[in-house]
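First up is the structure itself, then whatever we jot down about it.
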Amino acid sequence: MSEQARSKLPILAGVVLVCEVVVLYFAGLMGIGLRPAFVSMGVYIGLLTATALMLIVAAALLPRRRFENRPGILLGWIGQVAILALGIVSPGLVFVGLVFGAMWAVGVYWGRRIDREAAAREA
């Protein structure tokens with residue numbers, strides 16, 4: 001794969017997802033101390049783990065070449081919604097979901113824009 005055909009989207013959006021996984025780990029530690037509402041601790045940790053794994057898979061499935069269609073972007077959006085939904089159990093995750101959701105949207109937008117502009121320059 002030539003350097004010209006490589007997408008910048010995995011760099012921008014992938015960093016957001018990996019950082020979000022780290023924050024979810026800290027949310028799990030927070031939940032241990034605060035005892036989340038409505039669910040047991042095991043279910044809470046299980047939901048956080050499943051969401052974190054989905055975000056890791058999303059980062060791995062981001063498009064590698066410009067204009068390539070892979071499911072990573074969709075999985076990333078599903079992960080953002082899942083984190084917002086976890087805010088029902090632990091209200092602090094609503095803030096995490098909003099901040100990282102905005103960062104995810106910006107990363108996807110700028111990654112695609114950089115790819116379009118690079119393709120136009122090469123054409």
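Just so it is clear, the model here is predicted, and its values are computed rather than measured. Quick note: residue numbers are just sequence positions, from 1.
For Y109, the side-chain contact (heavy atoms from CB on, under 4.5 Å) partners are R113, not counting sequence neighbours. Applying the side-chain hydrogen bond (donor to acceptor under 3.5 Å, both in side chains) test to E68 and every residue at least two apart in sequence or in another chain returns nothing. Scored by the side-chain contact (heavy atoms from CB on, under 4.5 Å) test, V81 finds no partners at all (sequence neighbours excluded).
Under a 4.5 Å side-chain heavy-atom criterion applied to ILVMFWY residues, the cluster that includes L61 comprises M54, V57, L74, L75, I78 as well.
Criterion: ILVMFWY side-chain heavy atoms under 4.5 Å apart, direct or through other members. Under it, I45 and M30 are part of a common hydrophobic cluster. Both I83 and W77 are part of a single hydrophobic cluster, where members link through side-chain heavy atoms under 4.5 Å apart. Placement of I11 and I114 in two distinct hydrophobic clusters is found when ILVMFWY residues are connected by side-chain heavy-atom separations under 4.5 Å, directly or transitively. In the hydrophobic cluster analysis, where Ile, Leu, Val, Met, Phe, Trp and Tyr join through side-chain heavy atoms closer than 4.5 angstrom, L84 is grouped apart from V89.
Here the CG-CG distance, from L12 to L62, works out to 10.5 Å after rounding to the nearest 0.5 Å. Atom OG1 of residue T51 and atom CD1 of residue I56 lie 11.0 Å apart, to the nearest 0.5 angstrom. Rounded to the nearest 0.5 angstrom, F67 CZ and R116 CZ are separated by 7.5 Å. Taken from CZ in R6 to CZ in R66, the straight-line distance is 11.0 Å, to the nearest 0.5 Å.
Across L55 and G79, no two heavy atoms sit closer than the pair CD2-CA, 3.8 Å. For P63 against S7, the heavy-atom pair with the smallest separation is O-CB, 3.9 Å.
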N/O donor to acceptor pairs below 3.5 angstrom from side-chain atoms of residues 16-29, sequence neighbours left out:
unit_1 : atom_1 : unit_2 : atom_2 : d
E20    : OE1    : Q80    : NE2    : 2.9

Counting only pairs under 3.5 Å, give me each side-chain donor-acceptor contact of residues 95-105, with atom names and distances, residues two or more places apart or in other chains.
none

### Message
Using side-chain contact (heavy atoms from CB on, under 4.5 Å), reason through R70 and R64 one step at a time and then give a plain yes or no.
### Response
CA-CA 9 Å; R70 294 185 72 193; R64 300 292 178 214; 3.5 Å; yes

